[in-house]
Trainee: 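Okay, handing you the structure first.
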Amino acid sequence: MPLVDGDHRLPRPVVIEKLGLAVLHRIDPETAHGLALKALQAGLGPRGGPVTSPRLRTSLAGLDLPNPVGLAAGFDKNAEVLAPLSRAAFGFLEVGAVTPRAQTGNPRPRLFRLAEDRAAINRFGFNNAGMEAAAGRLAQRPEGTVLGLNLGANKDSHDRAADFAKVLTRCGARIDFATVNVSSPNTEHLRDLQGREALAALLAGVMEANAALARPVPVLVKIAPDLKEGELAQVAEVAEAAGLAGIVATNTTITRDGLKSARREETGGLSGSPLFERSTRVLARLSTLTRLRLIGVGGVASAEDAYAKIRAGASAVQLYTALVYGGLALAREVAEGLDALLARDGFASVADAVGTDRDRWLTR
């Protein structure tokens with residue numbers, strides 16, 4: 001019989017996860033995240049695999065997804081918990097960002113919870129163990145999971161544009177899609193690569209490396225939510241010309257509008273609930289500028305949020321910061337709730353709902 005949590009009956013694993021989150025929130029957030037990864041490695045993660053139904057099944061850039069609710073990059077930077085995550089409810093996973101060489105990132109503390117805002121600020125700076133370590137772990141990836149890799153560049157690289165292609169060349173045989181991350185605010189001048197000429201040159205190198213793979217993969221680019229409309233149009237134009245499969249909208253923001261937390265002035269990228277409106281407006285606008293598939297990221301914390309992103313123009317969505325507050329059980333809650341919302345409104349599939357509420361977001 002399920003245990004009772006307040007007025008809601010919750011299965012025992014969910015109650016245990018909630019208790020674990022309460023403990024983890026008492027310690028430094030980066031340390032807490034490390035402990036969460038160790039717990040997953042120890043077998044304490046969710047079970048059951050992806051949620052799916054005829055309504056939820058969809059395709060993204062030629063990839064068949066059991067549902068459109070994915071895990072965003074950043075949660076599993078070094079592909080350390082692929083097997084436990086594959087048993088969660090996600091329809092697809094994205095790991096990384098991975099750079100050619102290992103790097104420590106920016107000094108700690110560099111991750112801050114903004115509990116009052118259901119948000120977080122990070123200034124990690126692409127801390128990761130490098131592409132060799134990632135390639136070894138990706139070689140042991142679980143079967144049947146749609147897996148993407150977020151490509152990054154080393155902070156001290158003499159040719160950052162070439163770094164993205166290097167990582168794809170090394171790891172491409174073990175992944176299903178790749179995302180070019182030129183939108184993190186935590187590596188100096190990285191966002192400059194979103195300009196027309198710089199982005200076109202970078203993507204040309206990545207696509208050349210992709211074409212050389214035995215099995216080329218869909219390539220996407222992840223953009224910032226702080227781009228102006230003209231800049232969005234340039235990104236869309238360059239992405240289409242390069243032959244990309246889609247755009248991930250969006251990464252974290254450098255704005256701090258309307259925050260309540262005492263940590264609101266920390267340097268870094270803001271993610272979580274305060275990003276939802278801004279990122280969804282960008283998503284809707286982008287959907288008018290390109291026919292490329294879009295993944296909606298930023299502030300997704302409920303089935304309603306995921307549904308709003310899809311109706312604004314996303315073919316799939318990703319979560320991360322909301323998991324800090326809701327745990328991995330949130331993925332199942334979002335996917336099952338999304339299925340119910342699609343049924344309520346008479347949509348036979350996710351694809352049928354994409355963009356059906358775009359105009360409302362364009363006028364907000």
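No experiment lies behind these values; they were computed from the predicted model shown.
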Trainee: Tell me, please, which residues at least two apart from Asp64 pass side-chain hydrogen bond (donor to acceptor under 3.5 Å, both in side chains).
Mentor: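 side-chain hydrogen bond (donor to acceptor under 3.5 Å, both in side chains) check on Asp64 returns nothing, list empty.
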Trainee: Is there any salt bridge (charged side-chain N to carboxylate O under 4.0 Å, His left out) pair reaching into residues 100-114, and which pairs are they, with sequence neighbours excluded?
Mentor: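 Those involving residues 100-114 are Asp28-Arg108, Glu30-Arg108, Glu30-Arg110, Arg101-Asp156.
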Trainee: When Ile, Leu, Val, Met, Phe, Trp and Tyr are grouped by side-chain heavy atoms lying under 4.5 Å apart, directly or through other members, which residues fall in the same group as Leu35?
Mentor: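 Reading the cluster by chain and number, Leu35 sits alongside Leu24, Ile27.
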Trainee: Linking directly or through intermediates, with side-chain heavy atoms under 4.5 Å: list the remaining ILVMFWY members grouped with Ile254, chain and number order.
Mentor: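 None; Ile254 is a cluster of one.
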Trainee: Once ring pair (Phe, Tyr, Trp, His ring centres under 6.0 Å) is applied, what residue pairs with a partner in residues 321-364 remain, sequence neighbours excluded?
Mentor: His25-Tyr325, Phe276-Trp361
Trainee: Please collect all ring pair (Phe, Tyr, Trp, His ring centres under 6.0 Å) contacts where either partner lies in residues 111-135, sequence neighbours excluded, each pair once.
Mentor: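 For residues 111-135, and leaving out neighbouring residues, there are no ring pair (Phe, Tyr, Trp, His ring centres under 6.0 Å) pairs at all.
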Trainee: Quick one: which residue pairs count as a ring pair (Phe, Tyr, Trp, His ring centres under 6.0 Å) with a foot in residues 134-159, not counting sequence neighbours?
Mentor: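 Checked against ring pair (Phe, Tyr, Trp, His ring centres under 6.0 Å) - neighbours excluded - no pair reaches residues 134-159.
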Trainee: Measuring from atom CG of Leu147 to atom CG of Leu85, what distance do you get when rounded to the nearest 0.5 angstrom?
Mentor: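 If I round to the nearest 0.5 Å, the distance is 9.5 Å.
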Trainee: Show me the donor-acceptor pairs within less than 3.5 Å that the side chains of residues 264-271 make with the rest of the protein, sequence neighbours left out.
Mentor:
from   : atom 1 : to     : atom 2 : distance (Å)
Arg264 : NH1    : Lys260 : O      : 3.3
Arg264 : NH1    : Ser261 : O      : 2.8
Glu266 : OE1    : Arg123 : NH1    : 3.0
Glu266 : OE1    : Arg123 : NH2    : 3.3
Glu266 : OE2    : Arg263 : NH1    : 2.9
Ser271 : OG     : Thr321 : OG1    : 2.6

Trainee: Rounded to the nearest 0.5 Å, what's the gap from CG on Asn127 to NZ on Lys155? Could you check?
Mentor: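 Asn127 CG to Lys155 NZ: 11.5 Å, rounded to 0.5 Å.
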Trainee: For Arg196, enumerate each residue passing the side-chain hydrogen bond (donor to acceptor under 3.5 Å, both in side chains) test, keeping only those at least two apart in sequence or located in another chain.
Mentor: Glu237
Trainee: When rounded to the nearest 0.5 angstrom, what is the spacing between NZ in Lys222 and CG in Asn150?
Mentor: 6.0 Å
Trainee: Which residues pass the side-chain hydrogen bond (donor to acceptor under 3.5 Å, both in side chains) test with Asn154, not counting sequence neighbours?
Mentor: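 By the side-chain hydrogen bond (donor to acceptor under 3.5 Å, both in side chains) rule, Asn154 matches Thr99, Gln103.
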Trainee: Check this for me, if you would: do Arg160 and Asp163 make a salt bridge, where the nitrogen-to-carboxylate-oxygen distance has to be below 4.0 angstrom?
Mentor: no
Trainee: side-chain hydrogen bond (donor to acceptor under 3.5 Å, both in side chains) with Arg311: which residues, sequence neighbours excluded?
Mentor: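 In terms of side-chain hydrogen bond (donor to acceptor under 3.5 Å, both in side chains), with neighbours along the sequence ignored, Arg311 is linked to Thr356.
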Trainee: Mind jotting down which residue pairs meet the ring pair (Phe, Tyr, Trp, His ring centres under 6.0 Å) criterion with at least one end in residues 50-79? Sequence neighbours excluded, please.
Mentor: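 Residue pairs with at least one partner in residues 50-79: His33-Phe75, Phe75-Tyr320.
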